[in-house]
Amino acid sequence: MRLSQYFLPTLREDPAEAEVISHKLMLRAGLIRKVASGIYTYLPLGLRALRKVENIVREEMDRIGAQEVLLPLVQPAELWQETGRWEKYGKELLRFKDRKEHDFCLGPTHEEVITDLVRGEVRSYRDLPLILYQIAPKFRDEIRPRFGVMRAREFIMKDAYSFDADEAGLFQTYQRVYEAYERIFSRCGLKFKAVLADTGAIGGSESHEFMVLAETGEDRLAICSACGYAANVELAEVKAVYSYPEETERPLEKVSTPGVRSVEEVSSFLGVSPSRLVKTLLYLADGEPVAVLVRGDYELNEIKLAKVLGAQGLKMADAETVKRLTGAPVGFAGPVGLSVKRILADFSVRGLKNFVTGANQADVHYINVNYGRDFPEPGFYDLRTAEEGDPCPRCGRPLSLTRGIEVGHVFKLGTQYSATMGATFSDREGKERPFVMGCYGIGISRTVAAAIEQNHDSAGIIFPEEIAPFKALLLTLGKEPALMEASEKIYQTLTQAGVETLWDDRDERPGVKFKDADLIGLPYQLIVGKKFLETGQVEVKRRASGERQVLAPSEVVSYLGGKGP
RNA sequence: CGGGACGUAGCGCAGCCUGGCAGCGCACCCGCUUGGGGUGUGGGGGGUCGGCGGUUCAAAUCCGCCCGUCCCGACCA
C-alpha cells in the first residue's frame with residue numbers, strides 16, 4: 001500500500017479526550033476515531049490490526065475443532081425471558097421495540113441464542129462434544145465507557161460455547177480451550193497470566209481470566225511466585241492467621257469524636273493504629289440489612305460477602321438507610337446496640353480485644369469494645385480483599401499483587417442454560433439429558449488496545465510482529481528519480497514475496513516520515529535515502545530495539561522472511 | 001446514578017472573571033525555499049463560539065434549562 005493514497009490520518013498532539021496511553025496512541029496513529037461515547041470507527045490501519053488478532057484466534061479455535069458461526073446482534077426478548085435474564089441483566093442490556101412493538105435487545109453475549117440453536121438441531125450424544133464460536137460485535141450499555149476501545153460499549157468479541165454430554169467432557173473441553181487461549185495470547189506477543197476468577201453475571205462453577213499484565217489494568221491480581229497460584233483479588237482467599245496478644249478486657253467507654261468519621265480520621269484523632277479499629281459497613285442484601293465488621297486497615301470484598309450471604313443483589317446502604325438503622329449519620333456505625341439482625345465479621349476481627357468502633361451516635365465512638373461482652377459474638381468469615389504479603393492460599397508463601405487487563409475469560413457453565421431452556425440430547429441409554437456447557441470469550445478489540453498498552457515507547461506504538469497491521473514501512477527520503485525507482489522496485493518485490501509493506505511515498509520531509517513511522521510502530525522500517533544514493537544499500541531499523549543494519553536491496557526480502565520467487 | 005472538570009476552525013488551546021472587531025499554534029490550499037528526525041518564508045481559505053431561552057443598546061463572555069464529552073466510584077471481554 002502506498003501511504004500517499006492510504007487513509008491514515010495521524011495526529012501530532014494527544015487528543016484531549018484520551019487519558020491512557022493505548023487510547024492516545026490509537027487515536028494519534030490513525031487506528032480509530034470516536035463516533036459517540038464508547039463507540040468507535042476502525043480506520044484501515046486499525047482494522048488490519050484487529051484482523052490479525054482475529055485470524056490468530058480463528059486459527060487456534062479451528063485447531064481445537066471449534067467451528068465458526070455468526071449469530072445475530074439483534075435478539076428477541078423471548079429468549080432472554082426464558083432464562084430470566086430479560087429482568088435480571090440490568091441496564092447494560094440495551095432493549096428496544098421494533099415497528100410491531102415487539103421487544104428486542106442488542107446482544108451483550110449469546111448464551112440464549114446459541115442454546116436455542118443447539119437445542120433445535122442437536123439430538124444425540126454422538127454429536128458431542130460441539131464447540132461453536134463467532135467473532136462479532138457485542139453491545140453492552142456500560143455505565144461508564146472509558147479508555148477508548150478498552151472499555152467500549154460496542155466492541156468486537158470472540159465468543160465460544162461448548163456442549164458436552166457430561167462434566168468429564170466439559171472438563172476436557174475447558175482444558176482444550178484454556179490451552180488454545182494460552183497459544184493465542186502468546187502468539188499476540190503479550191505478557192499475560194491466567195488467573196482464577198469470579199463467574200459474575202454469566203454464572204457457572206469455575207472460571208479463569210486471561211490477564212495482560214499492565215499498570216493501567218483495571219483488575220488487581222494476587223500471584224504467588226513460589227507455587228504459581230494466581231487469582232483475581234476479588235476471589236483470592238485470605239488464609240492469614242491473626243494472632244493478637246492476650247489482653248484483659250477493659251471497660252467500655254464512649255469518647256467524643258466530633259466530625260471524625262473515616263478510619264484515617266478516627267485513627268489519627270485517637271492516636272490509635274487503624275488495626276485497632278473495626279469498621280462497621282452496612283449493606284442491603286436482597287433488601288435485607290446486614291452489618292459487616294472488618295478491621296480498620298483492611299478492605300471489604302463485596303464478592304466474598306455476597307457469596308457468604310447467598311445474596312443475588314448486594315448494595316451498600318445509602319445515607320438514609322444508615323441513619324434509619326443506626327440512628328446516626330454515616331461514619332458512626334458500630335455493632336454495640338445495633339438493631340440489625342445479621343452481623344458478620346471478617347476473620348481479622350476474631351481474637352481482637354479492646355477495639356474502637358462507632359457508637360451509633362453522631363460524633364461519638366466507643367473504645368475498648370469486645371465482642372461477646374458488648375455485643376453478641378458474630379459469625380466469622382473470609383470477607384476481606386487479599387493484600388500484598390498475605391499468605392498464598394495454596395502454599396502459604398507471601399502473595400504479590402499486580403495489575404492486569406482482562407482480555408479473555410473462560411467459564412464452566414454446567415447445565416444452567418440448557419436446563420432452563422430445555423436443551424437436551426439423548427444419551428447412550430436413550431435418556432434425555434441437558435447439555436453440559438462452557439463459554440469462552442476474548443475481547444478482540446481490547447486485545448489490540450492491551451497490546452499497545454504493553455508495547456509502546458515515548459515515540460509511539462511498537463506492534464508485536466504477529467499483530468502488526470503491516471510488517472514493514474518503506475520510507476523514501478527524497479524525490480530523486482533514482483530513489484523513487486529503487487523504492488518502487490523494493491516495494492514490488494516485497495509485496496510479491498508476501499511481505500506486507502506500507503510505502504511512505506509521500507512528498508514529506510524526512511523528519512515527518514520518521515515521526516509517523518515510529519508513531520504507527522510497524523516492526524521494520526526500510527530507509528531509502530541519501531545513504532542509498534551513496535552506497536546502494538537499504539538501512540533497516542527494527543522499531544522495537546532501534547537496532548539498525550544495512551542490506552543490499554536483494555537481501556531485504558529474505559531478511560524479512562519473504563517467500564522466494 | 002453520585003462527585004469533579006470541560007465544550008471557541010479538522011486537532012491542541014487562549015479569550016469569559018471586568019459584555020463592545022473571534023484570536024494563536026498545528027493541519028489544509030497556492031508560491032518560493034528546504035530535503036536523514038515534525039525546514040524556513042510569503043499569501044490564502046475555513047467559525048450557527050455545543051443547543052435553546054433570558055438579561056442588555058450590545059452576549060463566546062452574565063443568568064436559566066437542555067445536550068454532549070472526559071475523569072473518579074458501583075459493571076465487564
Side-chain angles (χ1 to χ4, degrees), chain A residues 9-20 23-24 27-28 30 33-39 53 57 89-93 108-110 135-160 181 197-202 207 209-212 218-219 232 234 283 302-303 306 313-316 318-319 404-411 439-450 459 475-480 483 507-519 525 527-534 539 541 546 548:
Chain A
T10 56
L11 305 174
R12 285 189 180 213
E13 290 169 281
D14 286 338
E17 68 191 45
E19 199 64 26
V20 300
H23 188 197
K24 286 180 186 171
L27 287 164
R28 283 190 56 204
R33 286 292 181 265
K34 188 180 67 176
V35 175
S37 175
I39 298 176
V53 175
V57 169
Y89 206 92
K91 289 202 176 161
E92 284 72 40
L93 184 66
T109 176
H110 285 67
I135 297 174
K138 291 273 181 284
F139 192 92
R140 295 182 185 174
D141 200 359
E142 295 277 350
I143 303 162
R144 183 151 89 85
R146 57 187 135 170
F147 307 153
V149 302
M150 194 86 87
R151 176 178 299 284
R153 292 192 292 172
E154 181 176 315
F155 59 99
I156 309 295
M157 179 172 169
K158 187 281 309 182
D159 48 323
Y181 273 35
D198 182 59
T199 49
I202 312 268
S207 155
E209 287 166 339
F210 286 76
M211 295 283 188
V212 168
E218 293 185 84
D219 289 276
N232 194 310
E234 63 187 29
Y283 278 83
E302 294 189 3
I303 289 172
L314 182 74
K315 60 174 209 269
M316 201 154 195
D318 54 69
I405 300 164
E406 180 189 358
V407 289
H409 204 160
V410 294
F411 296 86
C439 78
Y440 317 90
I442 289 179
I444 303 283
S445 35
R446 184 183 280 181
T447 299
V448 173
L475 293 87
T476 305
L477 308 180
K479 294 191 279 201
E480 289 85 346
L483 286 179
D507 179 15
E508 286 288 355
R509 296 185 43 91
V512 173
K513 295 192 176 193
F514 282 128
K515 291 287 184 192
D516 273 341
D518 287 346
L519 177 61
Q525 295 171 13
I527 302 159
V528 178
K530 198 164 60 188
K531 287 182 197 158
F532 177 82
L533 289 177
E534 289 160 5
E539 185 178 343
K541 177 187 155 189
R548 293 164 192 266

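Contact of the Phe210(A) side chain with the Ile442(A) side chain is not registered, since no non-hydrogen atoms from C-beta on lie closer than 4.5 Å. Between Val212(A) and Arg446(A), every side-chain heavy-atom pair lies at or beyond the 4.5 Å cut-off. You'll find the side chain of Arg140(A) reaches within 4.5 Å of the side chain of Thr109(A), heavy atoms only. Contact annotation: the side chain of Pro9(A) approaches that of Arg33(A) to within less than 4.5 Å [non-hydrogen atoms, C-beta and beyond]. In this structure the side chain of Phe532(A) never reaches within 4.5 angstrom of the side chain of Glu480(A), judged on heavy atoms.
Taking a cutoff of 4.0 Å between a charged side-chain nitrogen and a carboxylate oxygen, Arg548(A) and Glu539(A) qualify as a salt bridge.
In this structure, Lys138(A) and Pro108(A) approach most closely via the heavy-atom pair CD-O, 3.3 Å. Heavy-atom minimum distance, Leu477(A) versus Leu483(A): O-CD1, 3.2 Å. The heavy-atom pair separating Val53(A) from Val448(A) by the smallest distance is CG2-CG2, 3.8 Å.
Between C70(B) and Ser37(A), a contact under 4.0 Å exists linking OP1 or OP2 to a side-chain N or O. At the phosphate of C26(B), neither OP1 nor OP2 sits under 4.0 Å from any side-chain N or O atom of Arg12(A). A sub-4.0 Å separation between OP1 or OP2 of G73(B) and a side-chain N or O of Arg146(A) is present. For C72(B), the OP1/OP2 oxygens have a side-chain nitrogen or oxygen of Arg144(A) closer than 4.0 Å.
When the C1' atom is used for both U69(B) and G50(B), the distance is 10 Å, rounded to whole Å. With both ends at atom C1', the span from C29(B) to G46(B) equals 11 Å, rounded to whole Å. Rounded to whole Å, the separation between the C1' atoms of G47(B) and A14(B) comes to 16 Å. To the nearest whole angstrom, the two P atoms, one in U41(B) and one in A27(B), are 12 Å apart. Separating the C1' atom of C49(B) from that of G23(B) is a span of 12 Å, rounded to the nearest Å. Between U18(B) and U8(B), the distance separating the two P atoms is 23 Å to the nearest Å. For the P atoms, the distance linking G19(B) with C32(B) amounts to 49 Å, nearest Å. Taking atom C1' in both C6(B) and G12(B), the straight-line distance is 14 Å, to the nearest Å.
If you measure from atom CE of Met316(A) to atom P of A74(B), you get 11 Å, rounded to the nearest angstrom. As rounded to whole Å, 15 Å separates atom P of G10(B) from atom NZ of Lys34(A). Whole-Å rounding puts the Lys479(A) NZ to U33(B) P distance at 10 Å. In this structure, Glu302(A) places its CD atom 14 Å from P of G73(B), rounding to the nearest Å. Atom P of nucleotide A77(B) and atom CZ of Phe139(A) are separated by 16 Å, given to the nearest angstrom. Between the C1' atom of C1(B) and the CG atom of Asp141(A) lies a distance of 13 Å, rounded to the nearest Å. In this entry the distance linking CG of Leu533(A) with C1' of G35(B) reads 12 Å, nearest Å. G35(B) atom P lies 14 Å from atom CD of Glu534(A), rounded to whole Å.
If you check distances only, the side chain of Lys513(A) never reaches the base of G38(B) with a donor-acceptor pair under 3.5 Å. Looking at Asp516(A), its side chain has no donor and acceptor atom pair within 3.5 Å of the base of G37(B). Not a single donor-acceptor pair, N or O on each side, falls under 3.5 Å between the base of G12(B) and the side chain of Glu17(A). Remark: the Glu539(A) side chain and the G36(B) base include a donor-acceptor N/O pair separated by less than 3.5 Å. For G37(B), the base has a donor-acceptor partner in the side chain of Arg548(A) [N/O atoms by modelled type, under 3.5 angstrom]. One can find a donor-acceptor pair under 3.5 Å joining the base of C76(B) and the side-chain atoms of Arg151(A).
Mapping Val407(A) and Asp14(A) onto RNA chain B via the closest heavy atom, the residue that lands nearer the 5' end is Asp14(A). Toward the 5' end of RNA chain B, the nearer of the two residues Lys531(A) and Gly148(A), judged by each one's closest nucleotide, is Lys531(A).
Closest approach to the Lys515(A) side chain among U39(B), U69(B), G37(B) is made by G37(B) (side chain taken as heavy atoms from C-beta onward). Side-chain proximity of Asp219(A) to A77(B), C76(B), G35(B): nearest is C76(B). For Ala16(A), counting side-chain heavy atoms from C-beta on, the closest listed nucleotide (C76(B), G38(B), C13(B)) is C13(B). Each of U69(B), G36(B), A77(B) was ranked by its minimum atom distance to the side chain of Arg446(A); first place goes to A77(B). Here G37(B) is the nucleotide among G12(B), C75(B), G37(B) with the atom lying nearest to any side-chain atom of Lys541(A). When the nucleotides G35(B), C76(B), G38(B) are ranked by their closest atom to the side chain of Arg28(A), G38(B) comes out on top. When each of C72(B), G38(B), C1(B) is scored by its nearest atom to the side-chain atoms of Phe147(A), the top-ranked nucleotide is C72(B).
Across all strands shown, Gly408(A) has heavy atoms under 4.0 Å from sugar-phosphate atoms exclusively, and none from any base. Contact annotation for Glu13(A): base contact, defined as any heavy-atom pair under 4.0 Å involving a base atom. Counting non-hydrogen atoms under 4.0 angstrom, Ile442(A) reaches nothing in the nucleic acid. As judged by a 4.0 angstrom heavy-atom cut-off over every strand, Gly443(A) is placed among the base-contacting residues.
Ring stacking is absent between Phe514(A) and G36(B), as the pair misses the limits of under 5.5 Å between centres and under 30 degrees between planes.
In this structure A59(B) sits in no base pair that meets the Watson-Crick or G-U test at under 3.5 Å.
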